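Here the structure is a predicted model, which means the values were calculated and not measured.
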Amino acid sequence: MKILITGCAGQIGSELTLELRKIYGNENIIASDIKEASKSIMKSGPFELLNVLDKEAMRNIIHKHNISGIFHLAAILSAVGEKNPMFAWNINMGGLINVLELGKEEKLERILCPSSIAAFGPETPTENTPQETVLRPTTMYGITKVAGELLANYYVQKYGMDVRGLRYPGIISNGALPGGGTTDYAVAIYYDAIKYGKYTCFVNANTQLPMMYMPDCLKATIDLFRADKKDLKRFVDYNVGSMSFDVTELANSIKKYIPNFEIDYMPDYHQAIADSWPNSVDDSCAREEWGWKPSYNLDAMTQDMLKAIKIKLDKGEI
Ligand code: SER
């Protein structure tokens with residue numbers, strides 16, 4: 001199977017591309033983004049510059065490389081989306097509709113387009129948020145995620161397409177930095193702990209959100225894409241949980257390894273976004289239907305993150 005990835009230079013795309021190349025072979029994973037990606041992506045396999053709003057350019061890439069699957073990751077995240085709502089709407093919905101329409105027209109075998117915990121809103125139950133629940137987000141990013149779930153499901157029902165998706169929690173990683181999300185504090189805190197021994201957080205101490213470490217994110221994404229279709233009862237909106245902690249617990253985990261680490265708080269516009277999202281999610285459908293099971297807990301992730309970021313610092317990369 002030849003697969004196109006949009007948004008390959010982003011936080012998830014930059015690692016997912018390399019992981020998929022290991023599984024499917026370098027030449028079968030066509031990475032694309034609106035800008036050049038990391039050296040490791042550019043060197044290890046095919047890359048195409050692509051603006052996801054340019055449907056015909058995307059079609060040409062599908063033809064050129066004989067693509068039959070797409071991971072559609074190009075999107076604007078919540079914080080940037082609140083600064084520029086129309087931009088978020090245009091990129092997120094425009095990109096998705098192009099991918100879905102091309103999926104239909106070019107008879108693609110399978111598409112994966114992620115959703116997010118941002119699909120939930122202040123009226124959603126916050127603890128162990130059910131799979132089927134109130135979806136009334138208050139951010140433009142969340143609105144594009146709910147609309148995206150509905151749209152993707154429409155293509156599944158109306159055209160019999162195979163479109164899959166999962167609601168990512170905040171993703172924590174030490175490769176490419178996240179750009180413009182609300183959960184970015186849970187990545188920045190590790191970098192600042194290593195670089196400066198302290199961090200100023202843009203949400204308050206008791207802000208709790210569902211989070212996931214990148215190796216688990218890659219596993220969830222790839223396992224859902226490769227799951228046997230006959231095992232799936234739903235397609236586009238699987239809750240996937242892993243861990244859930246507030247900022248104090250996150251800081252305390254770091255203090256176990258950097259005892260002098262200090263944190264202070266200057267909540268800003270991110271706070272309202274974070275407050276509108278759940279504390280934890282019920283992911284039993286993902287567990288039952290395609291065997292989802294995370295591997296990392298908070299302390300295991302903290303040890304791994306601190307080690308990896310220290311290496312980057314020692315090499316002069318940050
Ligand atoms: N990490 C995303 C954000 O913060 C949520 O999906 O916007």
Side-chain angles (χ1 to χ4, degrees), residues 7 10-20 71 73 75 77-79 112-120 124 126-131 141-142 145 149 164-191 203 207-227 236-247 249-251 253-254 273-274 277-309:
Q11 184 196 11
I12 298 174
S14 59
E15 300 201 35
L16 185 66
T17 301
L18 299 176
E19 200 62 24
L20 288 172
F71 284 77
L73 301 180
L77 295 185
S78 60
L112 185 136
C113 41
S115 184
S116 160
I117 52 163
F120 304 122
T124 309
T126 49
E127 299 298 337
N128 214 20
T129 299
Q131 178 68 54
Y141 174 67
K145 288 298 168 187
E149 287 183 8
R164 305 179 183 191
L166 63 183
R167 292 173 179 152
Y168 286 137
I171 305 298
I172 297 171
S173 66
N174 51 61
L177 289 171
T182 301
T183 55
D184 296 12
Y185 67 86
V187 176
I189 192 172
Y190 286 109
Y191 279 85
V203 294
T207 302
Q208 184 184 340
L209 287 170
M211 298 280 178
M212 185 182 284
Y213 194 32
M214 182 60 88
D216 280 329
C217 169
L218 298 178
K219 183 157 72 111
T221 310
I222 294 170
D223 284 357
L224 175 60
F225 189 78
R226 289 164 71 92
V236 299
D237 57 5
Y238 285 98
N239 283 1
V240 279
S242 172
M243 49 184 124
S244 181
F245 46 77
D246 67 20
V247 188
E249 290 169 305
L250 174 57
S253 175
I254 293 174
I273 305 177
W277 294 348
N279 292 350
S280 60
V281 298
D282 173 4
D283 59 3
S284 43
C285 288
R287 288 176 188 257
E288 280 156 27
E289 293 175 34
W290 47 276
W292 163 240
K293 193 169 176 286
S295 303
Y296 281 85
N297 63 22
L298 175 55
D299 284 343
M301 174 175 75
T302 295
Q303 287 181 53
D304 214 56
M305 283 290 286
L306 294 175
K307 201 167 126 198
I309 296 168

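Using modelled atom types, one finds a donor on one side chain and an acceptor on the other under 3.5 Å when comparing D299 with S253. Judged by distance alone, the side chains of Q208 and S244 do bring a donor and an acceptor atom under 3.5 Å apart.
Here the CD1-OG1 distance, from I117 to T183, works out to 6.5 Å after rounding to the nearest 0.5 Å. Atom-to-atom distance recorded for Q131:CD and N239:CG is 4.0 Å, nearest 0.5 angstrom. Interatomic distance, S295 OG to M212 CE, rounded to the nearest 0.5 Å: 10.0 Å. Between atom OG1 of residue T221 and atom CD1 of residue I12 there is a gap of 6.5 Å, rounded to the nearest 0.5 Å. Atom OG1 of T126 and atom CG of N279 lie 5.0 Å apart (nearest 0.5 Å).
The backbone N or O of E127 sits nowhere less than 3.5 Å from a side-chain atom of S280 that would complete a donor-acceptor pair. With hydrogens and angles disregarded, no donor-acceptor distance shorter than 3.5 Å links the side chain of D216 to the backbone of S242. Without hydrogens or angle criteria, S115 side chain to G165 main chain gives no donor-acceptor distance under 3.5 Å. In this structure, T207 contributes its side chain and D246 its backbone to no donor-acceptor pair below 3.5 Å.
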Give every donor-acceptor pair under 3.5 Å between a side-chain atom in residues 169-181 and any protein atom, sequence neighbours left out.
| from | atom 1 | to | atom 2 | distance (Å) |
| --- | --- | --- | --- | --- |
| S173 | OG | Q11 | NE2 | 3.0 |
| N174 | ND2 | Y213 | OH | 3.1 |

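With a 4.5 Å cut-off on side-chain heavy atoms, E149 and S116 do not count as touching. Side-chain contact check for P114 versus L73: some heavy-atom pair is nearer than 4.5 Å. A 4.5 Å side-chain heavy-atom check between Y190 and L250 finds at least one atom pair inside the cut-off. Looking at heavy atoms from C-beta onward, D237 lies in side-chain contact with R167 at the 4.5 angstrom threshold. Residues L112 and L166 form a side-chain contact, since some pair of their non-hydrogen atoms from C-beta on lies under 4.5 Å apart. Counting heavy atoms from C-beta outward, L224 and W292 have side chains that stay 4.5 Å or more apart.
For Y238 and W290, the distance between ring centers is under 6.0 angstrom.
E249 and F245 get closest at one heavy-atom pair: OE1-CA, 3.3 Å. The two residues M301 and Y296 have their closest heavy-atom pair at N-CD2, 4.0 Å. Of all heavy-atom pairs spanning F225 and R164, the tightest one is O-NH1, 3.2 Å. Taking each heavy atom of D282 and S284 in turn, the nearest pair found is OD1-OG, 2.7 Å.
Salt bridge status for D223 with K219: absent, with no side-chain N to carboxylate O gap under 4.0 Å.
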What do the steps show when you test K145 against Y168 for side chain to side chain contact (heavy atoms under 4.5 Å, CB included), and what is the final call? CA-CA 11 Å; K145 288 298 168 187; Y168 286 137; over 6 Å; no
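Every residue two or more places apart in sequence or in another chain that forms a side chain to side chain contact (heavy atoms under 4.5 Å, CB included) with Q303 is listed here: Y257. Applying the salt bridge (charged side-chain N to carboxylate O under 4.0 Å, His left out) rule to D304 yields no partners; only residues at least two apart in sequence or on another chain are considered.
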